[in-house]
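Have a look at the structure below, then the notes.
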Amino acid sequence: MDSAFTRRVAALLERVEDGLQQAARADTAFASEAAGHVIAAGGKRFRPGLVVTSALLGQDPNDDDIVKASLVVELTHVASLYHDDVMDEAQLRRGAPSANRRYGNSVAILIGDLLFSRASSVVATLGTDYVALQAATFARLVQGQLWETIGPAADVDRLEHYLRVVADKTGSLIATSAVFGGMVAGLSAAELDALDKFGEEIGVVFQLSDDVIDITSAVSGKTPGTDLRAGVPTLPTLLAQRSAGPGDARLMELLSRPLADEAEVGEALALLRAHPGLEEARREIGRRSELARGYLAPLPAGEARDALEAMCDAVVDRLA
Ligand code: FPP
Ligand code: MG
């Protein structure tokens with residue numbers, strides 16, 4: 001679709017790309033290369049896309065501010081990935097060697113800090129409202145990562161714990177992306193609240209749909225079973241564990257540990273694909289995407305809102 005709206009979105013996102021590259025420039029060629037490493041590897045730029053789209057809900061948003069707000073969320077996201085890959089001992093990020101593998105843990109941590117400082121410099125130019133929200137979001141990212149690291153307390157439901165981690169780690173910055181766009185557009189407090197709820201829900205739903213794709217591999221180019229190999233809980237595995245019957249003993253055993261043996265990964269995938277927990281996960285994603293759509297109702301009608309609604313369909317269509 002080629003309209004004035006889509007051309008404006010594309011032009012703004014191009015400016016964001018330039019800004020990301022500038023933000024990665026540092027005082028030595030080595031630091032610049034390391035800081036540009038994950039940015040250059042690409043990514044969906046989902047968060048800047050959401051800032052831009054939400055901003056275009058307004059009558060006359062300022063382009064410079066849209067670009068700045070987009071840079072703040074993407075730089076924060078990329079910074080968190082440098083740190084996350086150190087903690088996960090990840091080897092690959094966006095199809096390229098991870099920064100920790102390429103430059104070592106210390107450099108990867110410091111470059112994450114550097115990129116976070118760049119996000120802070122940009123957000124300072126937008127105003128204290130933006131700084132306050134950025135700080136609160138940073139706290140939620142850290143909190144989510146911390147809860148995930150610690151794991152659920154004995155008396156806490158594992159699925160509830162998992163959903164809380166996903167909301168903090170993924171939902172929070174996506175919610176802030178939508179709200180930043182609305183702030184640039186000068187939307188009302190009620191409209192910002194709607195964007196906050198929408199962003200948080202759609203962020204969670206994106207993560208949950210990734211969980212299902214890891215079992216079904218409905219999207220080409222992804223190897224199924226990554227979460228099973230790592231032994232990390234996901235929506236389908238937690239739902240299968242919650243509704244396990246006497247016939248599920250083998251699946252429960254396989255879900256109780258990381259799987260190194262490819263034959264066991266294949267076996268666990270086959271059992272999960274046949275388990276009602278997978279269908280339940282799909283239903284939950286559909287339910288939540290409709291919830292997200294509902295939050296959009298008070299926002300100004302038009303192409304920007306249509307684009308936000310299309311995201312609700314897109315998360316469910318990925319599973320088809
Ligand atoms: C990816 O998780 C990680 C996040 C979404 C956030 C991680 C947050 C921090 C490290 C704390 C904040 C730090 C800064 C500097 C802002 P994942 O491992 O589930 O996903 P993956 O498959 O993409 O690695
Ligand atoms: Mg990770």
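Read the numbers this way: they start at 1 and go in the same order the structure lists the ligands and their atoms. Count residues from 1 along the sequence.
At the top of the distance list for atom 7 (C) of ligand 1, counting protein heavy atoms only, stands Q145 OE1, 3.3 Å. From the protein, the heavy atom lying nearest to atom 14 (C) of ligand 1 is F138 CE1, 3.4 Å. Of the protein's non-hydrogen atoms, the one nearest atom 1 (C) of ligand 1 is D84 OD2, 3.3 Å. Scanning all protein heavy atoms for the shortest distance to atom 6 (C) of ligand 1 gives S80 OG, 3.7 Å. Remark: minimum distance from atom 21 (P) of ligand 1 to any protein heavy atom is reached at R93 NH2, 3.7 Å.
The CG atom of N100 lies 9.0 Å from the CD1 atom of I109; values are rounded to the nearest 0.5 Å.
Transitive grouping of hydrophobic side chains (ILVMFWY, heavy atoms separated by less than 4.5 Å) brings F30 and V78 into a common cluster.
At least one protein heavy atom sits closer than 4.0 Å to atom 23 (O) of ligand 1.
Computed with the Mg ion (ligand 2) at the centre, the D84 OD2 to D88 OD2 angle is 110°, stated to 10 degrees.
Aromatic ring pairs are classed by plane angle as parallel below 30°, tilted from 30° to 60° and perpendicular above 60°; the pair Y130 and F180 is tilted. Ring planes of F138 and F116: tilted class, angle from 30 to 60°.
One finds no salt bridge joining R229 and E264 here, because no Lys/Arg side-chain nitrogen approaches an Asp/Glu carboxylate oxygen to under 4.0 Å. A salt bridge does not link R164 to E148: none of the charged side-chain nitrogens sits closer than 4.0 Å to a carboxylate oxygen.
Taking only nitrogen or oxygen atoms, main chain and side chain alike, E148 does not reach within less than 3.5 Å of ligand 1. For D88, a nitrogen or oxygen atom sits less than 3.5 Å from a nitrogen or oxygen atom of ligand 1, counting backbone and side chain alike. Between K169 and ligand 1, a contact under 3.5 Å exists for at least one N or O pair.
Checked against the 6.0 Å centroid criterion, the rings of Y103 and H37 qualify as a close aromatic pair.
Using a 4.0 Å cutoff on heavy atoms, M87 counts as a contact of ligand 1.
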Checklist line | Criterion salt bridge (Lys or Arg N to Asp or Glu O under 4.0 Å) on R318 and D210, from CA distance to verdict | finding: CA-CA 9 Å; R318 291 169 88 206; D210 263 357; 2.7 Å; yes
